[in-house]
Amino acid sequence: METQYAIEMLNITKKFPGIIANDNITLQLRKGEIHALLGENGAGKSTLMSVLFGLYQPEEGIIKKDGQVVSIKDPNDANALGIGMVHQHFKLVECFTVLDNIIMGVEPTKCGFLQKKVAREKVMALSEKYGLRIDPDALIEDITVGMQQRTEILKMLYRDNEILIFDEPTAVLTPQEIDELMVIMKNLAAEGKSILFISHKLAEIMAVADRCTVLRKGKYIGTVETANTTMEELSAMMVGRNVNFHVEKKPCEPGEVVLDVQHMTVPSKTHNNNAVKDVSLQVRRGEIVCLAGIDGNGQTEFVYGLTGLEHISGGKITLCGEDITKASIRHRNLKGMSHIPEDRHKHGLVLDYSLEDNLVLQRYFEPEFTDKLGFLRRDNIRKYAQKLIDQYDVRSGQGPITTARSMSGGNQQKAIVAREIDKEPELLVAVQPTRGLDVGAIEYIHKQLVAQRDAGKAVLLVSLELDEVMDVPDRILVMYEGEIVGELDPKTTTQEELGLYMAGAKRDEVKA
């Protein structure tokens with residue numbers, strides 16, 4: 001019996017200046033299956049899906065839907081064919097509400113009047129059915145990254161699409177939300193939807209996907225049945241070598257206090273309560289402290305207050321013995337604070353700048369990069385950028401002059417990590433540093449964090465990844481509803497105990 005394919009992408013080639021992003025790739029999606037697309041950062045996964053969604057036009061190859069050749073010139077064509085996509089970097093209008101973003105372009109009308117009540121009822125019904133909690137009236141600019149992700153998923157479900165593309169959908173979700181999404185995807189497939197699922201997380205692929213296609217450096221490596229393979233085999237296919245999934249580090253030897261936060265309070269932008277409530281913590285030289293918790297429990301606001309992105313309403317922040325509570329962001333940087341931000345597009349990069357300019361954003365005024373007359377030393381900047389590109393394996397089509405916007409999400413992240421660590425900070429604040437990275441890159445970044453610790457630096461890690469929380473830090477502080485509710489030792493605690501603290505079901509009598 002002939003296999004029924006919902007989508008066939010046959011011999012697709014897509015080129016950009018200096019790079020062949022997709023080199024003669026064939027991908028076949030069966031009806032009602034969950035098909036994973038796996039590959040390193042910059043392997044061409046998102047590009048291939050953007051071709052299917054009409055954002056790019058291939059130089060070679062054809063696309064078939066239900067056995068018929070189709071032409072997809074733009075996303076409207078894709079939507080008309082029942083193809084929807086949740087993008088890795090959200091396509092949302094920040095000054096609009098969640099509801100307005102979901103229904104944009106397909107608003108229900110009657111006699112020319114917008115029927116928002118009808119739309120709201122459908123959105124809330126979908127939200128309830130699939131466990132995607134949202135506040136329909138909240139502005140996108142005021143909500144967490146996790147809720148923005150749920151908005152994107154509901155946007156696709158609202159359009160009743162048959163072919164669902166999920167581009168790194170779990171990168172910003174909590175472990176509980178990821179489990180819920182896995183169930184949602186299985187239910188959608190059971191309903192007859194066909195799902196293409198881009199992920200770097202091998203455990204998720206093994207848990208939810210029927211088959212997995214692997215790309216490496218723009219080329220097709222192979223397609224395997226997940227039931228007949230292992231995570232080790234998939235990772236070797238992806239990066240071309242064996243990967244160590246465990247972080248190896250010697251016991252920590254904490255020194256003097258580098259960061260001392262006392263009674264920090266940060267107001268919330270979305271409600272009347274404080275987002276951070278009377279939080280105190282210390283990070284010492286030679287240790288990695290992880291601030292763990294379910295997304296939306298004050299970690300983002302704490303980091304904003306700590307790094308100067310938001311003003312705090314109470315408390316004191318001391319860095320290397322100096323009170324920096326009211327200091328500017330540049331002063332904090334010069335004093336020895338580096339920050340790998342949660343939102344790489346909003347706070348990490350100037351997307352329309354070149355890669356080399358992004359790599360010196362916080363150092364361009366130093367004598368190495370600017371002469372006495374105030375002119376940039378372009379040759380020095382390019383040499384420095386090339387050094388970081390080589391050291392951190394940042395893949396870009398045109399090297400240092402590549403526009404940051406054109407790079408894959410994972411390579412944008414590697415560029416930020418390279419810039420922040422190379423400043424040799426006294427305190428490294430790393431928020432979701434491995435978000436959207438492949439297993440090889442994650443292994444490398446974890447080694448860099450441990451190397452910073454071993455060099456006597458202080459590292460504050462903020463993570464939603466349970467494996468990362470359990471494996472990388474020396475101490476875990478759990479945040480729930482804006483408060484530190486427990487301090488745990490990763491060597492002696494369990495994921496179950498950590499989960500109880502994160503859910504607010506357990507807390508220490510004495511706050512950390």
Side-chain angles (χ1 to χ4, degrees), residues 15-19 21 41-42 46-47 50 55-56 87-95 141 145 148 168 171 303-304 307-309 328-334 337-371 373-425 428-437 441 445 448:
K15 301 175 183 177
F16 294 107
I19 193 168
N41 303 121
S46 294
T47 300
S50 294
L55 291 168
Y56 296 141
H87 299 269
Q88 182 181 3
H89 297 122
F90 313 132
K91 309 292 185 187
L92 300 170
V93 180
E94 295 222 330
C95 58
E141 62 190 1
V145 180
Q148 289 180 35
E168 297 284 351
V303 171
Y304 283 5
T307 57
L309 288 168
S328 67
I329 294 174
R330 177 179 282 195
H331 184 83
R332 294 175 205 227
N333 289 337
L334 294 175
M337 180 186 291
S338 275
H339 175 208
I340 300 168
E342 175 183 17
D343 190 330
R344 55 181 167 247
H345 282 184
K346 190 183 271 187
H347 297 127
L349 298 165
V350 181
L351 291 171
D352 292 318
Y353 278 17
S354 65
L355 175 54
E356 64 185 12
D357 285 348
N358 272 287
L359 289 172
V360 295
L361 269 181
Q362 297 157 329
R363 302 182 60 182
Y364 66 89
F365 48 82
E366 294 178 8
E368 181 184 353
F369 305 123
T370 299
D371 64 24
L373 297 175
F375 292 101
L376 292 174
R377 300 180 188 269
R378 277 286 165 200
D379 287 348
N380 288 4
I381 290 173
R382 188 150 299 172
K383 283 178 191 170
Y384 174 73
Q386 192 61 56
K387 182 194 85 169
L388 292 189
I389 288 167
D390 294 340
Q391 188 179 336
Y392 286 80
D393 189 26
V394 182
R395 296 182 188 174
S396 52
Q398 297 171 284
I401 63 169
T402 305
T403 304
R405 186 184 297 279
S406 70
M407 293 163 55
S408 73
N411 281 294
Q412 290 173 349
Q413 184 76 358
K414 282 198 271 188
I416 295 168
V417 170
R419 180 186 69 208
E420 298 303 321
I421 288 180
D422 198 70
K423 290 193 303 182
E424 297 187 354
L428 175 62
V429 182
V431 188
Q432 292 286 85
T434 58
R435 176 187 160 200
L437 297 185
I445 298 303
Q448 294 301 311

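Predicted model only: the values in this text are computed from it and were never measured.
- Distance alone, capped at 3.5 Å, is enough to place a donor-acceptor pair between the Q413 side chain and the P433 backbone.
- Remark: S408 engages N411 in a side chain to side chain donor-acceptor pair (under 3.5 Å) (not counting sequence neighbours).
- Of the possible donor and acceptor atoms, one in the side chain of R419 sits under 3.5 Å from a partner among the backbone N and O of N358.
- Scored by the side-chain contact (heavy atoms from CB on, under 4.5 Å) test, D393 finds R395, K414 as partners (sequence neighbours excluded).
- Between the side chain of E342 and the main chain of Q432, no donor-acceptor pair closer than 3.5 Å is present.
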TODO: Quick one: do N333 and R363 satisfy side-chain contact (heavy atoms from CB on, under 4.5 Å)? Show the steps, please.
DONE: CA-CA 10 Å; N333 289 337; R363 302 182 60 182; over 6 Å; no
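- Counting heavy atoms from C-beta on, the side chains of Q398 and T403 never come closer than 4.5 Å.
- For the 3.5 Å distance criterion, the side chains of D422 and Y384 qualify, holding a donor opposite an acceptor.
- Take R377 and apply the side-chain contact (heavy atoms from CB on, under 4.5 Å) test, not counting sequence neighbours, and it matches D371, N380.
- For D352, the side-chain contact (heavy atoms from CB on, under 4.5 Å) partners two or more places apart in sequence, or in a different chain, are R405.
- No donor-acceptor pair under 3.5 Å is formed between the side chain of T370 and the backbone N or O of P367.
- Not counting sequence neighbours, E424 has no partner by the side-chain contact (heavy atoms from CB on, under 4.5 Å) test.
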Open item on the list: Test side-chain contact (heavy atoms from CB on, under 4.5 Å) on H339 and I329; report intermediate values, then the result.
Closed with: CA-CA 10 Å; H339 175 208; I329 294 174; over 6 Å; no
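- For H331, there are no ring pair (Phe, Tyr, Trp, His ring centres under 6.0 Å) partners, not counting sequence neighbours.
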